[in-house]
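Okay, structure first, notes after.
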Amino acid sequence: MSSPARPSNPDLDHLIIVRTRSTLRARVENWRQAGLRIALVPTMGALHEGHLSLVKMAKANADKVIVSVFVNPLQFAPAEDLERYPRDEQGDMIKLNTVGADVMYVPDPEEMYTPNFSTSVRVDDVSEGLCGAARPHFFGGVTTVVTKLLLQALPDIAVFGEKDYQQLCVIRRLVRDLDIPVEILAAPTMREHDGLAMSSRNAYLTDHGRQVAGQMNVALKAAASALAAGEAVGRVADQGWQDLMDAGFDTIDYFEIRDAETLEPLGTGPLSGPARVFAAAWIDKTRLIDNWAV
Ligand code: PAF
């Protein structure tokens with residue numbers, strides 16, 4: 001499709017669907033000439049309230065909001081869930097229309113990654129450890145696609161969720177290091193009634209898995225309180241790991257306390273500055289992550 005098309009669903013009265021970068025560029029160029037401020041919210045679709053809160057933040061800080069929906073193959077390892085990752089283009093359109101996004105950008109995979117695509121963008125340092133250790137291919141895939149999306153949309157601001165806190169730090173470093181002229185805004189994590197961080201992958205969970213999953217934020221919160229009360233980092237991390245095991249998680253990738261800005265590991269003693277507690281664990285063959293500010 002080479003030109004913007006109104007989605008066929010009659011309920012959509014505002015949102016425009018765009019599938020090529022040339023169409024996106026033409027639209028952005030018009031907005032720029034009109035002096036409008038543009039926001040980008042990159043997503044992989046299967047949108048939930050967490051994503052919609054990013055769109056609302058984008059709307060509050062810009063005149064026009066583009067939401068990209070692209071399940072990026074580069075950030076999945078061969079054995080991961082690329083094929084079964086939830087997809088719901090029609091549902092996403094309706095939700096984005098309801099919250100007043102202007103463009104849903106759904107790039108064709110062939111246009112994003114041509115057959116001889118041979119470039120990757122890699123951010124060292126903050127990408128190491130945590131999810132970078134557990135999923136070594138992941139951040140390279142994210143930074144490559146986010147660089148492409150930023151260059152395609154040329155937004156003034158881009159909004160990312162604190163749920164993926166390490167990803168947020170990696171993207172901040174990316175735009176700083178490469179002088180990409182975009183302001184990165186961080187939106188707080190949206191949670192279910194029991195505190196479970198909203199995630200498209202929660203859809204994979206059985207009833208039992210869903211109950212176990214709801215304990216991750218409890219362990220993180222307990223760790224944050226213990227640290228704030230002066231308990232030693234090493235002991236709190238061990239206890240957090242044990243709490244996840246007791247809750248019934250199958251495998252734990254990490255339960256760690258790191259510097260809130262540099263993501264450097266902290267010693268084993270009491271904290272001396274702002275920190276963040278991070279966890280990643282598996283239940284129902286589903287990997288869940290979350291984090292909590294201290
Ligand atoms: O957080 C996500 O959904 C993805 O990692 C992102 C930033 C859209 C890149 O594919």
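Ligands are counted one by one from 1 in listed order, and the atoms in each one are counted from 1 as well.
Of the possible polar contacts, one joining the Ser200 side chain to the Ala46 backbone as a donor-acceptor pair under 3.5 Å is found. Of the possible polar contacts, one joining the Glu128 side chain to the Asp125 backbone as a donor-acceptor pair under 3.5 Å is found.
No side-chain N or O of Tyr113 forms a donor-acceptor pair with one of Asp108 less than 3.5 Å apart.
With a 4.0 Å heavy-atom cut-off, ligand 1 is reached by the backbone of Thr43 but not by any atom from C-beta on.
Considering only non-hydrogen protein atoms, atom 1 (O) of ligand 1 sits nearest to Gln167 NE2, 2.9 Å.
Atoms CD and CG, from Gln215 and Asn217 in turn, are 7.5 Å apart once rounded to the nearest 0.5 Å.
Of all atoms in ligand 1, numbered sequentially from 1 with element shown, those under 4.0 Å from a heavy atom of Val145 are 9 (C), 10 (O). Within ligand 1, counting atoms from 1 as listed, the ones closer than 4.0 Å to a heavy atom of Pro42 are 8 (C).
Taking only non-hydrogen atoms, the option from Met44, Gln75, Lys163, Lys148 nearest to atom 9 (C) of ligand 1 is Gln75.
For Phe255 and Phe278, the ring centers are positioned 6.0 Å apart or more.
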